[in-house]
Amino acid sequence: QVQLAESGGGSVQAGGSLRLSCAASGVTFTRYSMAWFRQAPGKEREFVAAISQRTGSAPVADSVKGRFTISKDNAKKIVILQMNDLKPEDTALYYCAASQTVIMSQLRSQSGYNYWGPGTQVTVSS
C-alpha cells in the first residue's frame with residue numbers, strides 16, 4: 001500500500017526558509033513522479049512544484065519560481081521542497097502527491113496524481 005508522509009512544516013517569519021520532506025513507502029520510488037500542492041484557507045488547492053520520473057523535468061509555479069526548489073532522492077525514497085524567501089502568501093497546508101502514470105501535460109494538475117499525503121502546515125508571518 002502506497003503511503004506518503006510529509007514533514008518539516010512550521011512557523012517562520014517572512015524571508016525565512018523551510019525544507020519540507022515527503023517520505024514514500026510501499027512504492028518502487030524510481031517509477032513515480034512526485035509533486036507538491038498547497039491549499040490556503042478559503043482557497044482551492046494549487047500546484048507548487050513537480051518532478052517527473054521520466055524526464056527529470058521539475059516545473060514550479062510562477063508564484064514560487066526562484067524561491068522554491070523540488071528534488072528527489074531515490075535512495076532515501078524522499079522528495080524535498082526547499083522553500084526560501086518565504087512570504088505570508090505562502091501560508092498553506094502543503095501536500096505531497098505521487099503518480100506512476102502521470103503524463104507531462106498533467107504534471108501540474110491534481111488529477112494526474114492518485115496518492116496523497118495528509119499535509120503539513122506552513123505559516124509565514126510578516
Side-chain angles (χ1 to χ4, degrees):
Q1 183 177 356
V2 178
Q3 290 189 323
L4 303 175
E6 304 93 339
S7 61
S11 297
V12 296
Q13 290 191 328
S17 297
L18 282 174
R19 185 173 183 260
L20 303 185
S21 294
C22 174
S25 60
V27 299
T28 303
F29 194 64
T30 53
R31 298 179 181 176
Y32 280 76
S33 295
M34 305 294 293
W36 289 93
F37 291 80
R38 68 185 183 185
Q39 187 168 19
K43 295 188 177 181
E44 294 187 353
R45 192 178 300 186
E46 64 176 4
F47 169 76
V48 177
I51 187 163
S52 169
Q53 62 86 15
R54 288 188 178 89
T55 67
S57 174
V60 297
D62 288 344
S63 59
V64 305
K65 195 168 293 184
R67 301 187 297 120
F68 291 12
T69 303
I70 187 171
S71 60
K72 192 168 178 263
D73 188 327
N74 287 326
K76 295 182 179 179
K77 293 188 178 182
I78 60 172
V79 60
I80 302 293
L81 184 68
Q82 179 65 43
M83 306 187 296
N84 299 325
D85 189 23
L86 282 160
K87 303 177 179 181
E89 51 264 41
D90 295 320
T91 295
L93 189 59
Y94 283 72
Y95 296 93
C96 174
S99 174
Q100 194 173 353
T101 58
V102 63
I103 58 177
M104 289 300 293
S105 61
Q106 287 187 312
L107 269 180
R108 297 172 181 255
S109 173
Q110 296 181 57
S111 62
Y113 300 88
N114 46 352
Y115 299 107
W116 293 82
T120 185
Q121 179 67 38
V122 171
T123 303
V124 185
S125 58
S126 57

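One is the number of the first residue; the rest follow in order along the sequence.
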Asker: What are the two closest non-hydrogen atoms of Tyr113 and Leu107, and how far apart are they?
Answerer: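 In this case the closest contact between Tyr113 and Leu107 is OH-O, 2.7 Å.
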Asker: Please report the shortest heavy-atom distance between Tyr95 and Pro118, naming the atom on each side.
Answerer: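 Where Tyr95 meets Pro118 most closely, the heavy atoms are CE2-O, 3.5 Å.
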Asker: So if you build clusters from Ile, Leu, Val, Met, Phe, Trp, Tyr with side-chain heavy-atom gaps below 4.5 Å, do Val12 and Phe68 land together?
Answerer: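 In one cluster: yes.
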Asker: I'd like to check Met83 versus Asp90 (side-chain heavy atoms, cut-off strictly below 4.5 Å). Are they in contact?
Answerer: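 A side-chain contact under 4.5 Å is absent here.
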Asker: Using the rule that Ile, Leu, Val, Met, Phe, Trp and Tyr join whenever any side-chain heavy atoms are under 4.5 Å apart, tell me whether Ile70 and Met104 fall into a single cluster.
Answerer: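 Not linked; separate clusters.
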Asker: What residues form a side-chain hydrogen bond (donor to acceptor under 3.5 Å, both in side chains) with Glu89, not counting sequence neighbours?
Answerer: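 With sequence neighbours excluded, Glu89 shows a side-chain hydrogen bond (donor to acceptor under 3.5 Å, both in side chains) to no residue whatsoever.
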Asker: Is there a side-chain contact between Gln100 and Val27 (heavy atoms, below 4.5 Å)?
Answerer: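 Side-chain contact under 4.5 Å: no.
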Asker: Please step through side chain to side chain contact (heavy atoms under 4.5 Å, CB included) for the pair Gln82 and Ser71, ending with a clear verdict.
Answerer: CA-CA 8 Å; Gln82 179 65 43; Ser71 60; over 6 Å; no
Asker: Quick one: pull up CG in Leu20 and CD1 in Ile78 and give me the separation to the nearest 0.5 Å.
Answerer: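 The distance works out to 11.5 Å.
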Asker: Main chain of Gln53, side chain of Ser33: is a donor-acceptor contact present, judged purely on distance under 3.5 Å?
Answerer: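 Between the backbone of Gln53 and the side chain of Ser33 there is a qualifying donor-acceptor contact (under 3.5 Å).
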Asker: Rounded to the nearest 0.5 Å, what separates atom OG in Ser52 from atom CD in Gln106?
Answerer: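 The distance works out to 12.0 Å.
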Asker: Keeping Ser99 on the side-chain end and Gly112 on the backbone end, is there a donor-acceptor pair under 3.5 Å?
Answerer: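 Yes: the side chain of Ser99 pairs with the backbone of Gly112.
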Asker: So Trp116 and Phe37, would you call those rings parallel, tilted or perpendicular, with 30° and 60° as cut-offs?
Answerer: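 Tilted: the ring planes of Trp116 and Phe37 meet at 30° to 60°.
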Asker: Ser21 versus Lys76: any side-chain heavy-atom pair under 4.5 Å?
Answerer: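 Not touching, per the 4.5 Å side-chain cut-off.
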Asker: Between the side chain of Thr28 and the main-chain N/O of Arg31, is any donor-acceptor distance below 3.5 Å?
Answerer: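 Answer holds: no.
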Asker: Evaluate the ring planes of Tyr115 and Tyr32, with Trp represented by its six-membered ring, and classify them as parallel (under 30°), tilted (30 to 60°) or perpendicular (over 60°).
Answerer: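 Tilted, since the angle between the ring planes falls between 30° and 60°.
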Asker: Output the distance between atom OG (Ser126) and atom CD (Gln13), rounded to the nearest 0.5 Å.
Answerer: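 One finds 9.0 Å between OG of Ser126 and CD of Gln13.
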Asker: How close do Gln121 and Ala92 get, counting heavy atoms only, and between which atoms?
Answerer: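 Nearest heavy atoms, Gln121 then Ala92: NE2-O, 3.4 Å.
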Asker: Closest approach of Thr30 and Lys72, non-hydrogen atoms and distance?
Answerer: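 The pair with the smallest heavy-atom distance is CA-NZ, 4.0 Å.
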Asker: Are Trp36 and Val124 connected in a single hydrophobic cluster, I mean Ile/Leu/Val/Met/Phe/Trp/Tyr linked by side-chain heavy atoms less than 4.5 Å apart?
Answerer: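 Same hydrophobic cluster.
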Asker: Which atom pair, heavy atoms only, marks the closest approach of Leu4 to Ala24?
Answerer: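 It is CD2-CB, 3.7 Å.
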Asker: Looking at every heavy atom in both Asn84 and Ser17, which two are closest together, and how far apart are they?
Answerer: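 That would be OD1-OG, 3.0 Å.
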Asker: Got a second to check how far Phe47's CZ is from Arg108's CZ, nearest 0.5 Å?
Answerer: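 Rounded to the nearest 0.5 Å, the CZ-CZ separation comes to 5.0 Å.
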Asker: Donor-acceptor check, side chain of Glu6 to backbone of Cys96, threshold 3.5 angstrom: yes or no?
Answerer: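 Here the side-chain-to-backbone pair exists.
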Asker: Under a 4.5 Å side-chain heavy-atom rule over Ile, Leu, Val, Met, Phe, Trp and Tyr, are Phe29 and Ile80 clustered together?
Answerer: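 No; tracing contacts between hydrophobic side chains, which count when under 4.5 Å, never links both residues.
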Asker: Closer than 3.5 angstrom, by distance alone: can the side chain of Tyr94 be matched with the main-chain N or O of Gln39 as a donor-acceptor pair?
Answerer: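 Side chain of Tyr94 to backbone of Gln39: no pair is present.
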Asker: Within the side chain of Arg54, is there an N or O that forms a donor-acceptor pair under 3.5 Å with the backbone of Val102?
Answerer: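 Confirmed, Arg54 side chain pairs with Val102 backbone.
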Asker: Would you say the side-chain atoms of Arg67 pair up with the backbone N or O of Asp85, donor to acceptor, closer than 3.5 Å?
Answerer: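 Yes.
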Asker: Are any of the side-chain heavy atoms of Lys77 and Ser25 separated by less than 4.5 Å?
Answerer: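 Contact flag for Lys77/Ser25 side chains = no.
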Asker: Can you find a heavy atom in the side chain of Val64 that is under 4.5 Å from one in the side chain of Arg38?
Answerer: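 Heavy-atom side-chain distance check passes, below 4.5 Å.
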